[in-house]
Colleague: 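If you scroll down you'll find the structure; I have some questions about it.
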Amino acid sequence: MIFKVITSNPGKVREYQEAFASAGLEAEHLRLAYDEVQSSDLEEVVSKGMEEIRRKGVRGFIIDDSGLFVDALNGFPGVWSAYAQKTIGNKGILKLMEGAEDRGAEFRCCIGCDVGGRTIIVTGKCRGAITSEESGSDGFGFDPIFSHDGERSFAEVPLEDKNRVSHRGDAFRLLLAELGKEN
Ligand code: IMP
C-alpha cells in the first residue's frame, strides 16, 4: 500500500518522504484540510483529526501533531507551538529565554496512522536545548533555535541525520514497530 501523508507543512513532507523511503515503504503527500482541535494533549488533537479525516472517507494515512516544550517556560509553547511560531516566532522564544539558566527543551511528535482498519497513535521525543541565537538554514519552524547535541541546531543538521535523532524519527520508528505487530 501507499501511505498518504496528510499535512500542510512541506518540512514534514520532506522528513516523511525520507523516513518512508529508508524503511522501504511507499508514501505520497496528500493536501487535505482538517480541524486541529484545541487541546492540551497532542494525542487528542491527532485522534480527533483522524476521526474527521475518516469521515471524509480517506483511509491508509498518517497525520502528525508536534510541539516544542521548553522547561523554563513550563512547557510553553507546547500544544500552542503553531500559534507561537506564527506570532512571536523564534525571536520571541529567544526573548522569553533571555537570562534563563535552564535552557532544556523537548520536541514531541505524535503520529496517528490509519492502516488496514487499525488506528495506531505513537509519540516520539527528542531532548535538547534552546540555543542562544538562531543558526542554520535547513529544516523549518523551531529548528534554528533547538540543538539536540549542544553543537549544532537542527537547522544545521542534514535531514537524514535529523530523522535519526529527532522526535519525528523516534515516533516513526515506534510506528514501524507497531506496523510490524499482528493486529
Ligand atoms: P504542527 O504539528 O504542525 O501543529 O506544528 C506545531 C509547530 O511546531 C509548527 O510551528 C511547526 O513549525 C513546529 N514544529 C513541528 N515540528 C517541528 C520540527 O521538527 N522542527 C521545528 N519545528 C517544528
Side-chain angles (χ1 to χ4, degrees), residues 4-20 22 29-50 52-53 61-71 73 75-97 103-113 121-131 133-149 152-175:
K4 300 174 188 76
V5 178
I6 302 179
T7 176
S8 57
N9 182 326
K12 289 186 187 179
V13 174
R14 281 193 292 276
E15 292 181 13
Y16 281 116
Q17 272 164 348
E18 197 276 332
F20 274 103
S22 300
H29 180 209
L30 177 64
R31 202 175 273 278
L32 179 76
Y34 64 93
D35 283 336
E36 289 198 6
V37 294
Q38 205 55 59
S39 165
S40 56
D41 191 32
L42 294 180
E43 284 80 8
E44 196 190 348
V45 178
V46 162
S47 164
K48 292 275 193 294
M50 290 181 77
E52 189 189 330
I53 291 167
F61 62 84
I62 68 158
I63 59 173
D64 162 324
D65 197 54
S66 307
L68 175 68
F69 297 74
V70 181
D71 299 350
L73 305 178
F76 181 82
V79 291
W80 298 282
S81 289
Y83 182 72
Q85 183 61 227
K86 267 184 234 135
T87 51
I88 61 173
N90 290 339
K91 288 189 174 45
I93 300 288
L94 290 179
K95 186 105 189 123
L96 292 175
M97 291 297 285
R103 303 195 72 87
E106 184 169 286
F107 261 129
R108 292 182 203 154
C109 169
C110 179
I111 299 178
C113 176
I121 297 183
V122 288
T123 301
K125 295 179 178 173
C126 176
R127 285 291 309 169
I130 302 300
T131 55
E133 58 187 28
E134 291 179 83
S135 56
S137 53
D138 287 347
F140 64 96
F142 300 107
D143 281 346
I145 60 164
F146 179 88
S147 174
H148 74 292
D149 61 4
R152 297 160 301 166
S153 79
F154 261 178
E156 296 172 310
V157 174
L159 185 147
E160 296 82 355
D161 296 354
K162 181 183 170 191
N163 269 354
R164 241 170 254 137
V165 295
S166 76
H167 48 310
R168 189 157 295 108
D170 188 33
F172 190 77
R173 283 183 290 279
L174 293 171
L175 173 63

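Atoms within a ligand are numbered from 1 in the order they appear, just like the ligands themselves. Since we're looking at a predicted model, the values are computed, not measured. When a residue number appears, it is its place in the shown sequence, counting from 1.
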Colleague: Under a 3.5 Å cutoff, is there a donor and acceptor pairing between the side chains of R108 and T123?
Modeller: no
Colleague: Taking only heavy atoms of F142 into account, list the atoms of ligand 1 that are under 4.0 Å away from them.
Modeller: 8 (O), 13 (C), 21 (C), 22 (N)
Colleague: Can you measure from NE2 (H29) to CZ (R31) and round to the nearest 0.5 angstrom?
Modeller: 5.0 Å
Colleague: Does ligand 1 have an atom under 4.0 Å from some heavy atom of F154?
Modeller: no
Colleague: Could you tell me the residue and atom name of the protein heavy atom closest to atom 5 (O) of ligand 1, and the distance to it rounded to 0.1 Å?
Modeller: S66 O, 3.6 Å
Colleague: Tell me: protein heavy atom nearest atom 4 (O) of ligand 1, and distance?
Modeller: D65 OD1, 3.3 Å
Colleague: Tell me which part of F146 gets within contact of ligand 1: side chain, backbone, both or neither, using heavy atoms under 4.0 Å.
Modeller: neither
Colleague: Counting from 1, what ligand 1 atoms have a heavy atom of D143 closer than 4.0 Å?
Modeller: 18 (C), 20 (N), 21 (C)
Colleague: Tell me whether R168 has any N or O atom under 3.5 angstrom from an N or O of ligand 1.
Modeller: yes
Colleague: For D143, is there an ion pair with K162 - N to carboxylate O distance below 4.0 angstrom?
Modeller: yes
Colleague: Calculate, to the nearest 0.5 Å, the distance between atoms CG and CD1 belonging to L30 and I62 respectively.
Modeller: 11.5 Å
Colleague: Using a 4.0 Å cut-off to any heavy atom of E36, which atoms of ligand 1 qualify?
Modeller: 4 (O)
Colleague: Within the 4.0 Å heavy-atom shell around K12, which atoms of ligand 1 are there?
Modeller: 1 (P), 2 (O), 3 (O)
Colleague: Can you measure from CZ (R103) to OG1 (T131) and round to the nearest 0.5 angstrom?
Modeller: 7.0 Å
Colleague: Just let me know how H167 lines up against ligand 1, side chain, backbone, both or neither, with a heavy-atom cut-off below 4.0 Å.
Modeller: side chain
Colleague: Which atoms of ligand 1 are found less than 4.0 Å from any heavy atom of A82?
Modeller: 4 (O), 6 (C), 7 (C), 9 (C), 10 (O)
Colleague: Tell me, which protein residue and heavy-atom name are nearest atom 23 (C) of ligand 1, and how many Å apart are they?
Modeller: F140 CE1, 3.5 Å
Colleague: Any idea which heavy atoms bring D64 and K12 closest together, and the distance?
Modeller: OD1-NZ, 2.9 Å
Colleague: Would you compute the distance between atom CE of M97 and atom CG of D71 and round it to the nearest 0.5 angstrom?
Modeller: 8.0 Å
Colleague: Does F142 form a ring-ring contact (aromatic ring centres under 6.0 Å, His included) with F154? I'd like the steps, not just the answer.
Modeller: CA-CA 8 Å; F142 300 107; F154 261 178; over 10 Å; no
Colleague: I'd like to check which ligand 1 atoms, numbered from 1 as shown, lie under 4.0 Å from a non-hydrogen atom of K162.
Modeller: 18 (C), 19 (O), 20 (N)
Colleague: Have Q85 and S81 got a donor and an acceptor in their side chains that come within less than 3.5 Å?
Modeller: no
Colleague: Looking only at protein heavy atoms, which one is nearest to atom 12 (O) of ligand 1, and how far off is it?
Modeller: G141 CA, 3.5 Å
Colleague: Look up atom CZ in R164 and atom CZ in R173, then write down how far apart they are to the nearest 0.5 Å.
Modeller: 9.5 Å
Colleague: Between Q85 and ligand 1, does any nitrogen or oxygen pair lie at a separation below 3.5 Å?
Modeller: no
